[in-house]
Amino acid sequence: MQYLEGTNPPQRQAITTTEGPLLVLAGAGTGKTRVLISRIAHILTQNLAELDEVLAVTFTNKAAREMQERLEAELESSVKGMWMGTFHSLSGRILREHAQLVGLDKDFDIVDPDGQASVMRDILLAHGIDEKQYTPKQMVGLLSAWKDNSWLPEEVPAEEAMKLGGHGHSVYRSYQERLKQLNACDFGDMMLLTLKIFKENPEILQQYQQQFKYILVDEYQDTNGVQYLWLRLLAMGHKNICVVGDDDQSIYGWRGAQVGNILAFEEHFEGAQTIRLEQNYRCTGNILHAANAVISHNEQRHAKELWTDSGQGVPVEVHQRWDDVDEVRGLMVTVINHHLKMGGSLKDIAVLVRSASQTRVLEAELRKAKIPHRLVKILAFHDRKEVKDAIAYLKLVTRPRDDLSFERVINLPKRGIGDSTLKQLKQISQTRNMPVFDAAVVAVNENLVNTKAKKALYEFTQLVNGWRSDIPNGSYDQLMEMILDESGYVDMLYEDKAKEGEEKMKERIDNVKELLRELTDVTQENLLDYFENLALDSDTIDLLGIPQDEVSIMTVHASKGLEFPMVFLPGFEDGLFPHQRSIDDELGTGVEEERRLAYVAMTRAKKKLIISHTSSRKLYGNWISCEPSRFFLELPEKGVRYYKEGRGSEINYIKEGHNPTGRTELKRKGPRKMGEAAPQTQLSDAQVDALNKGPMIGVSADGMSTGTKVMHEKLGTGRILGVEGFPPNRKFIVDFDEHGEKKMLESMANLQKI
DNA sequence: ACATTTCTTTCTACC
DNA sequence: AAAGAAATGT
């Protein structure tokens, strides 16, 4: 049995224990993917199940693809027919099959967050809710959280329904109604509506329960409420559910993930067995030791300690740099060039950032230093404006009910259809219960809009009808090309050159061309799948040519499951990592999740881990001073070296400026008190201006100074303890009567003087 | 309705 | 700093 070769005893056990519920607690780099693949190979080669009787759930499409490839290599045969994919893609498959049961057509569309916000904007308007007080995004966020918890409109608990001014409940219903009208659903619905079908139609559920003899789930620590219930129902048939995960790597709490699912698996599934994989095959001893030390500060976790027998390796490095530019130029570029000189390769290297905003400086400086690099998954190809515009045209032509796409392209390029005309069209569409496109035809025929708009609408509808009659037998690239040409969209891109600059224009044109290339594979048969993938698969970035030798730049979240010989972790500063939003989190679980995130980040490194923090960095265009991340205080004494360099200096990499006293300098006496203002290291022009105009720190013209009593919408009354920075980016430190000390940005907090 | 200017806001993380 | 919204002028 080939698939057992080279496995350790617990791995072997996890592969061959096929019957009954099984929890595999698999730490970072313990060979969990290997186990999953071998387990499926075992099930199939032992003839325990047919291909379509195996359900394998992964967290990303990329993971699904990788698993499929490796499995096929292992079995030397195709595994087509197996149910392998993400929760959303698998659930979507079931939902399409039974869409009528929840009022959707089989070819329903999946709206992305932009689309959600757009729908919500109309709903808020119709409900007479002030969209400044409750933004569409906020409202969508609330609904998504409810859906992640598996609450249908009638199931939302009373106290939840009180949130955001108590509007949520009625808004939820209208929002769902509207989506139904559009023949569309959002991400949350893909799980929730399928669950609804299961609950209301036992015979359908039973059919799937019988079909799926073996269920496997990867990254179980990141499942949310609705996903848990979905799995639970499906697993009720044969009860052979194997979940693999690591509570220390749960980093999607903001998307509703409940670590509790993995912590309580044994209670949720009766008779469950647990197997632990604790031998790490990825990192050096020093890296593992450092990561273990950090994560051990979390309260909510299964006790475990990863180990390795592969030697200590070189120390983990911690660098203090002057600012974000110096962090790249002085540190990374130096190290990377040295790595190249020693014969190393760029694809060994990854830079993992906490927030996408860090990539701007990173990219600029690496470009200056002529170091090839690639942003991975930061802005997905299909999220680019010009690509979304083109897709909207294609959707409008092929999907008659797609009002969202109509809205997007009706005045792109400018056709003289403004807000007021659009509003009229929407009105007609609602009262006559027809798509906005049809309303436009009606408006033309019945003279319901002014002459100018009428002419423009007539021409537009003629164009679209023309394209509709040209829907091809072959691939869609030619239709798309015709649309882009005849609509004037491409001309518009060229004309934008003056405004946007030539480089930007070229990039846009290239992206549209790339889209055309992609569409050569799209036909009437797979158009629906194509649209579904657009919504569900954001990994598709590697279509732009062969993988080059270049440094990978990505967010820590995007790095989960990957590994690199050398990893840089810039921006380890309180406020950025851990992020301020998590520090402010009232439940206190935020920092624990950040710590898990740090753990994930550190354990991506196989041989060399370089963490850095800066003294100052730009935020919203203003310099702020930064404190070292609190996570440094949790690093072990051994196996970590500290480096501190001044402004613009380059470290002498070979000689190593090992600074044993660095640690004491780094070590704070304890967390900085909230009221204790961070020292301002450098003033921006705006700040100097602000000073010259009058208001001084703490004695501002608006009377918001230390001692002022203030009122906050949610946190109630309190007193200002201190003020940092300058308008309009001041931060107030407020001692709230009910909630204690909080630090907040002026523009966010909306504090009222009382 | 659109172009231009001015002012706000934004920077967690993503299927 | 850059993108987006709002205000203002034509």
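Numbers restart at 1 for each chain; the letters A, B, ... are given by sequence-line order, proteins then strands.
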**Report entry** Length of the CG-C1' vector between A:Leu569 and B:dA13, whole Å
**Finding:** 15 Å
Requested in this report: State whether a side-chain donor-acceptor pair under 3.5 Å links A:Tyr175 with A:Asp186.
Outcome: yes
Query - Derivation of the side chain to side chain donor-acceptor pair (under 3.5 Å) call for A:Asp112 and A:Gln116 - result: CA-CA 6 Å; A:Asp112 64 7; A:Gln116 290 179 277; over 6 Å; no
**Report entry** Watson-Crick or G-U stems involving DNA chain B, each at least 3 pairs long, distances under 3.5 Å, ordered by first number
**Finding:** B:1-10 with C:1-10
Report task. Round to the nearest Å and state the distance from A:Gln249 atom CD to B:dA13 atom P. Result -> 20 Å
Query - Distance, rounded to the nearest Å, where A:Asp324 contributes CG and B:dC11 contributes C1' - result: 13 Å
Report summary line: Contacts of A:Lys137 meeting side chain to side chain donor-acceptor pair (under 3.5 Å) (sequence neighbours excluded), chain-then-number -> none
Requested in this report: Measure from the side chain of A:Lys618, starting at C-beta and using heavy atoms only, and say which of C:dA1, B:dC14, B:dC15 lies closest.
Outcome: C:dA1
**Report entry** Spacing of A:Leu193 atom CG relative to B:dC15 atom P, expressed in whole Å
**Finding:** 20 Å
Report task. Verify the ring-centre separation between A:His613 and A:Phe577: is it less than 6.0 angstrom? Result -> no
**Report entry** Face-to-face stacking of A:Phe87 with B:dC15, centres under 5.5 angstrom, angle under 30°
**Finding:** no
**Report entry** Those residues that, when tested against A:Ser357, pass side chain to side chain donor-acceptor pair (under 3.5 Å) (two or more places apart)
**Finding:** A:Ser355
Report task. Determine the interplanar angle of the A:Trp146 and A:Tyr172 rings, folded into 0 to 90°, and report it as parallel if under 30°, tilted if 30 to 60°, perpendicular if over 60°. Result -> tilted
**Report entry** Residue mapping more 5' on DNA chain B - nearest nucleotide basis, A:Phe59 or A:Ser582
**Finding:** A:Ser582
Report task. Looking only at side-chain atoms of A:Tyr620, point me to the closest of B:dA13, B:dC15, B:dT10. Result -> B:dT10
Query raised in the report: Are the ring of A:Trp254 and the six-membered base ring of B:dA13 within the stacking cut-offs of under 5.5 Å and under 30°?
Result: yes
Query raised in the report: Pick one: which of A:Val409, A:Leu534, A:Asp114 meets side-chain contact (heavy atoms from CB on, under 4.5 Å) with A:Lys388?
Result: A:Asp114
Query - Contact residues, residues 589-603 of chain A to DNA chain B [heavy atom, < 4.0 Å] - result: none
Report task. Can you tell me, in whole Å, how much space there is between the C1' of C:dG4 and that of B:dA13? Result -> 22 Å
With the criterion being N/O to N/O and under 3.5 Å, what pairs connect the protein with nucleotides 1-6 of chain B, and how long is each?
{"residue": "B:dA1", "atom": "OP1", "partner": "A:Gly418", "partner atom": "N", "Å": "2.8"}
{"residue": "B:dA1", "atom": "OP1", "partner": "A:Thr421", "partner atom": "OG1", "Å": "3.1"}
{"residue": "B:dA1", "atom": "OP2", "partner": "A:Ser420", "partner atom": "OG", "Å": "2.5"}
{"residue": "B:dC2", "atom": "OP1", "partner": "A:Gly416", "partner atom": "N", "Å": "2.7"}
{"residue": "B:dC2", "atom": "OP2", "partner": "A:Asn411", "partner atom": "ND2", "Å": "3.2"}

Query raised in the report: If you check the A:Ala558 side chain, which of B:dC15, B:dA13, B:dC14 turns out closest?
Result: B:dC14
Query raised in the report: Mind checking what makes ring-ring contact (aromatic ring centres under 6.0 Å, His included) contact with A:Tyr228, not counting sequence neighbours?
Result: A:His268
Query - Given DNA chain B, 5'-ward residue of the pair A:Arg360 and A:Gln116, judged by closest heavy atom - result: A:Arg360
Query raised in the report: For A:Leu90 and B:dC15, what is the distance between atoms CG and C1' respectively, to the nearest whole Å?
Result: 12 Å
Report task. When you get a sec, tell me which of B:dC14, B:dC11, B:dC15 is the closest nucleotide to the side chain of A:His557? Result -> B:dC14
Query raised in the report: For residues A:Ser582 and A:Glu593, is any side-chain donor paired with an opposing acceptor at under 3.5 Å?
Result: no
Query raised in the report: How long is the line joining CG of A:Leu619 and C1' of B:dT10, in whole Å?
Result: 9 Å
Query raised in the report: When you check the side-chain N and O atoms of A:Asp248 and A:Asn298, is any donor under 3.5 Å from an acceptor?
Result: no
Query raised in the report: Between C:dA6 and B:dC11, how far is it from one C1' atom to the other, in whole Å?
Result: 22 Å
Report task. Measure from the ring center of A:Phe87 to the ring center of A:Phe59 and say whether it is less than 6.0 Å. Result -> no
**Report entry** Short side-chain N/O contact to B:dC14 OP1/OP2 from A:Thr60, under 4.0 Å
**Finding:** no
Report task. In whole angstrom, give the distance that lies between atom CG of A:Asp222 and atom P of B:dC14. Result -> 12 Å
Report task. Output yes when A:Asp419 and A:Lys423 qualify as a salt bridge under the 4.0 Å nitrogen-oxygen rule, no when they do not. Result -> no
Query raised in the report: Is there a donor in the side chain of A:His382 and an acceptor in the side chain of A:Glu518, or the other way round, less than 3.5 Å apart?
Result: yes
Report task. Give the rounded distance in Å between these two atoms: CG of A:Leu352 and P of B:dA13. Result -> 14 Å
